[in-house]
Amino acid sequence: MSNTTTVTLPPSLDLPPHLSAQKYFFVCTLTVLAWDALVLTPRSYKLGRLPKWPALKFMYYFMQFWVLADFVVTGVMFFSTTVIQDTDCVAFWPYEPICTAILLAVASAVHVMRISAIYDHVQNVRATMWGLYAVQIVVTAICCGFYRSVHLEDGQGCIAGPLNNASWVGIYWLAPTLLYGTSFVFAALRSIKTLETRRVSYWRLMLRDGLNLYGAILLVNLVNVFFYFIMTPTGPTDPIKTIVTSMAAVLTTTMSMRIILSVRGDLANGGTFSVSSHAASSSGANTHSLSGSGTRPRGVNHTFTLGDMRDATVAVAARKEGGEWDADKSSVTPREETKAVLPIIGEDIDSGIPRARTGLGVQITVDQQVEYDDGFPTRK
């Protein structure tokens, strides 16, 4: 007869399938969080060097700190093998839902301010967004009281979940999802409307106006809501409803931070819409004689001062910024760094008529000549 030995795994390794899946998914969440913090460090440094501190800039740094404080601490408790369920986890469970509610409130405030800004603070848009934001604050605050510690075995970590796995607690995530869906629709409609005046490809339109950021936030929150309302747990200790919550919160935060970084120009009052600001600069450039399209008749003489030439340089820079799209032009690039070179006049070999090689230039006429052969002139 052969003796068989049964090996009993400790509770930290003997995990139910859904709990094991949630731990793996949480590892993915922490990986995304660490990578995103590393990638955004240079842009965060540039943003911090800007002198002003508008609300969006303050919320950017708050989210960057708060998301780490939320999920690093939660991860330590979730993967700990020494915590006691009846003491440690019972005392810790309010931390995750309350911290996540604060994080979602700040991220949603970014959406409210940004959507209001791209619609020039129109009353009905502002009222809609702020109304949804108020509903989210109230709903998430109430639902925080209906989370409890999921009663796992000692050594399996601490995790918060809906009380008795009640599906209706999912309105904690449904309220912000409605706001993110509304912001995505408003942003998409505003972007599509610009195609009437300036045709670009849909791919370029998506990247220019950050529609991919709004869409990613909406998608991950929809998946999270579906898990809350559709998935059926196998028992009171099954954490399947909260599998996607960590990833949803982290992606919502990081994508909202990128929305702030994608704002062109000043961050005050939510920033401006990229096409409207470009249109304004382009119209200002076209009113100046030096930024015309080359339709003025030849032979007409123009007199310009050095001040006119300086203004023309600014106008050329503004028209270049309006005519081209650059993904790196954002709130972290000050306007003072914009450079422009005034074209040099060339000469048409065939006709001898001076003209700019680029179709734009300045002709300087000297109306006074001083002879320096006999020494420098002296004032009488």
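Source: prediction; values computed, not measured. Counting begins at 1 with the first residue of the sequence.
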- Task: Answer whether the closest heavy-atom distance between the side chains of R258 and V39 falls below 4.5 Å.
- Result: yes
- Item | Candidate pair I142 and V138, rule side chain to side chain contact (heavy atoms under 4.5 Å, CB included), full reasoning | CA-CA 6 Å; I142 294 175; V138 174; 3.9 Å; yes
Which pairs of donor and acceptor atoms, one on a side chain in residues 230-240, lie under 3.5 Å apart (sequence neighbours left out)?
{"residue": "T234", "atom": "OG1", "partner": "D238", "partner atom": "OD2", "Å": "3.1"}
{"residue": "D238", "atom": "OD1", "partner": "H18", "partner atom": "ND1", "Å": "2.8"}
{"residue": "D238", "atom": "OD1", "partner": "I240", "partner atom": "N", "Å": "3.4"}
{"residue": "D238", "atom": "OD2", "partner": "H18", "partner atom": "ND1", "Å": "2.8"}
{"residue": "D238", "atom": "OD2", "partner": "T234", "partner atom": "N", "Å": "2.9"}

- Message: Determine whether M257 and R43 satisfy the following criterion, side chain to side chain contact (heavy atoms under 4.5 Å, CB included), listing intermediate values before the conclusion.
- Response: CA-CA 11 Å; M257 292 168 61; R43 303 184 70 181; over 6 Å; no
- Message: Please give me the minimum heavy-atom distance between M63 and A107, naming the atom from each residue.
- Response: SD-CA, 3.8 Å
- Under a 4.5 Å cut-off applied to non-hydrogen side-chain atoms, are W66 and C99 in contact? yes
- N212 atom CG, neighbour heavy-atom count above 12 within 6.0 Å: yes
- side chain to side chain contact (heavy atoms under 4.5 Å, CB included) between T254 and W35: does it pass, once the steps are laid out? CA-CA 11 Å; T254 57; W35 172 254; over 6 Å; no
- Out of curiosity, N224 CG to F229 CZ, how far, rounded to the nearest 0.5 Å? 10.0 Å
- Do Y214 and L205 belong together in a cluster built from hydrophobic side chains that touch within less than 4.5 Å? no
- Task: Output, in order, the C-alpha distance, side-chain angles, deciding distance and verdict of side chain to side chain contact (heavy atoms under 4.5 Å, CB included) for V27 and F79.
- Result: CA-CA 10 Å; V27 170; F79 290 99; 3.6 Å; yes
Let me check something: any side-chain donor-acceptor pairs from residues 52-61 under 3.5 Å, sequence neighbours excluded? List them with distances.
{"residue": "K57", "atom": "NZ", "partner": "L47", "partner atom": "O", "Å": "3.1"}
{"residue": "K57", "atom": "NZ", "partner": "L50", "partner atom": "O", "Å": "2.7"}
{"residue": "K57", "atom": "NZ", "partner": "K52", "partner atom": "O", "Å": "3.0"}
{"residue": "Y60", "atom": "OH", "partner": "S44", "partner atom": "OG", "Å": "2.5"}
{"residue": "Y61", "atom": "OH", "partner": "S44", "partner atom": "O", "Å": "2.3"}
{"residue": "Y61", "atom": "OH", "partner": "G48", "partner atom": "N", "Å": "2.7"}

I'd like a table of donor-acceptor pairs (distance under 3.5 Å, sequence neighbours excluded) in which one partner is a side-chain atom from residues 126-136, with atom names and distances.
{"residue": "T128", "atom": "OG1", "partner": "N124", "partner atom": "O", "Å": "2.8"}
{"residue": "Y133", "atom": "OH", "partner": "A105", "partner atom": "O", "Å": "3.1"}
{"residue": "Q136", "atom": "OE1", "partner": "S108", "partner atom": "OG", "Å": "2.7"}
{"residue": "Q136", "atom": "NE2", "partner": "L104", "partner atom": "O", "Å": "3.2"}
{"residue": "Q136", "atom": "NE2", "partner": "S108", "partner atom": "OG", "Å": "3.0"}

- Item | Pairwise side-chain contact, T100 with T245, heavy-atom cut-off 4.5 Å (strictly under) | no
- Take atom OH of Y202 as the centre, draw a 6.0 Å sphere, and report whether it contains more than 12 heavy atoms from other residues, nucleotides or ligands. no
- Query: When rounded to the nearest 0.5 angstrom, what distance separates OH in Y228 from CH2 in W168?
  - Reply: 11.5 Å
- Task: Identify the heavy atoms of L218 and G181 that sit nearest to each other, and give their distance.
- Result: CD1-CA, 3.5 Å
- Task: Kindly give the cluster partners of F92, where membership spreads through any ILVMFWY side chain lying under 4.5 Å from a current member.
- Result: V73, M77, V83, Y95
- Sub-4.5 Å side-chain heavy-atom contact between S191 and L211: yes
- Got a sec, which residues hit salt bridge (Lys or Arg N to Asp or Glu O under 4.0 Å) with D154, two or more places apart in sequence or on another chain? none
- Heavy atoms of V263 and R114 approach each other most closely as CG2-NE, 3.7 Å
- Side chains of T41 and Y45: does their closest heavy-atom pair fall under 4.5 Å? no
- Message: Can you give me the closest heavy-atom contact between A160 and V150, atom names plus distance?
- Response: C-CG2, 4.1 Å
- Closest non-hydrogen atom pair, P176 against Y172: CD-O, 3.2 Å
- How about L251 and V32: do any of their side-chain heavy atoms sit closer than 4.5 Å? yes
- The single option from F71, Y24, F25, F26 passing ring-ring contact (aromatic ring centres under 6.0 Å, His included) against F78: F26
- Message: Are P16 and Q156 packed together at the side-chain level, in the sense that at least one heavy-atom pair is separated by less than 4.5 angstrom?
- Response: yes
- Side chains of L174 and I171: closer than 4.5 Å at any heavy-atom pair? yes
- Message: Tell me every residue that passes ring pair (Phe, Tyr, Trp, His ring centres under 6.0 Å) with Y180, counting only those two or more places apart in sequence or in another chain.
- Response: H111
- Report yes or no: do L213 and V185 belong to one cluster of Ile/Leu/Val/Met/Phe/Trp/Tyr joined by side chain heavy-atom distances under 4.5 Å? yes
